[in-house]
Amino acid sequence: MRHIPAILLILLLGECAYAGDKQSAPDFSCYPQVGGLISCIGLHTNAGWNLQHTNLLVISEFYRMDCVGCDVLQYFVTESGQVLDYHDTGDGVITQPRRKQFSEGDLKKLRLAISELQATNQYPWLSTLVIVSHREGTNWVTHSYARSSNEITETPALRHILAIIGERPEAQTTHPF
């Protein structure tokens, strides 16, 4: 019985030593590309938010990933056909937003093109990555695709979707790394 306080003291000291060994989460603030990527992926993985905002489609196109920043072109289409696209420099600042309203015909074309997307992921370099999330019945589905590159051929359905939405002109700009 007299050993119980000693055992408790040893356990308590062990817990204190263990708590001191815990490391804090890494700080990615000096790597804008990582911060931008994490922010972008959050838009795709938050199904509840997307379904609450009645998003039909969310696209993130990484068109410039160099040592300066993380430029992402974002596209949102709601179930009612409202389209928003903008340029995100990776620091949360939205620049050059564009809005438009799809007709019923455009929305039908878009739904058909979405249904033609391949259900397997492509794993391209970050500079050619396109993340596409969309509503499929009551599910929120996310896949990764590639813009044209030497290794991977662009999915025709992705090209068709971007043509329907009206791809931003920045996507055609080539940036040397």
Output, in order, the C-alpha distance, side-chain angles, deciding distance and verdict of side-chain contact (heavy atoms from CB on, under 4.5 Å) for Q122 and T155. CA-CA 9 Å; Q122 294 177 321; T155 303; 3.9 Å; yes
Give the C-alpha distance, both sets of side-chain angles, the deciding distance and a yes or no for side-chain contact (heavy atoms from CB on, under 4.5 Å) between L110 and L56. CA-CA 10 Å; L110 181 63; L56 168 66; 4.3 Å; yes
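- At distances below 3.5 Å, not a single donor-acceptor pair connects side-chain atoms of S144 with backbone N or O atoms of I131.
- For K100, the NZ atom is densely surrounded, since the number of other residues' heavy atoms within 6.0 Å is greater than 12.
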Begin with the C-alpha distance, continue with both residues' side-chain angles, and end with the deciding distance and a verdict on side-chain contact (heavy atoms from CB on, under 4.5 Å) for L84 and R98. CA-CA 6 Å; L84 167 66; R98 302 184 309 180; over 6 Å; no
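- With sequence neighbours excluded, the residues forming a salt bridge (Lys or Arg N to Asp or Glu O under 4.0 Å) with E79 are R111, R135, listed by chain and number.
- Judged as a side-chain contact (heavy atoms from CB on, under 4.5 Å), and not counting sequence neighbours, the contacts of S80 are T78, Q82.
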Which is it for E61 and V130 under the side-chain contact (heavy atoms from CB on, under 4.5 Å) test, yes or no, and what are the steps along the way? CA-CA 4 Å; E61 182 176 358; V130 180; 3.9 Å; yes
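- Atom CZ in F76 sits 5.0 Å away from atom CD in Q74 (nearest 0.5 Å).
- Considering only heavy atoms from C-beta on, V132 comes within 4.5 Å of L57 through its side chain.
- Remark: side-chain polar atoms of D88 are not paired, donor with acceptor, to backbone N or O of V72 under 3.5 angstrom.
- In this structure, the side chains of V83 and D106 stay at 4.5 Å or more apart for every pair of heavy atoms.
- When all heavy atoms of A157 and A113 are compared, the closest pair comes out as CB-O, 3.8 Å.
- Side chains of L162 and I59 form a contact here, defined as non-hydrogen atoms less than 4.5 Å apart.
- E136 contributes no side-chain N or O that, together with a main-chain N or O of V141, makes up a donor-acceptor pair within less than 3.5 Å.
- Judged purely by atom type and a 3.5 angstrom limit, Y75 uses its side chain to pair as donor or acceptor with the backbone of R168.
- When the side-chain hydrogen bond (donor to acceptor under 3.5 Å, both in side chains) test is applied to H160, no partner is found at least two apart in sequence or on another chain.
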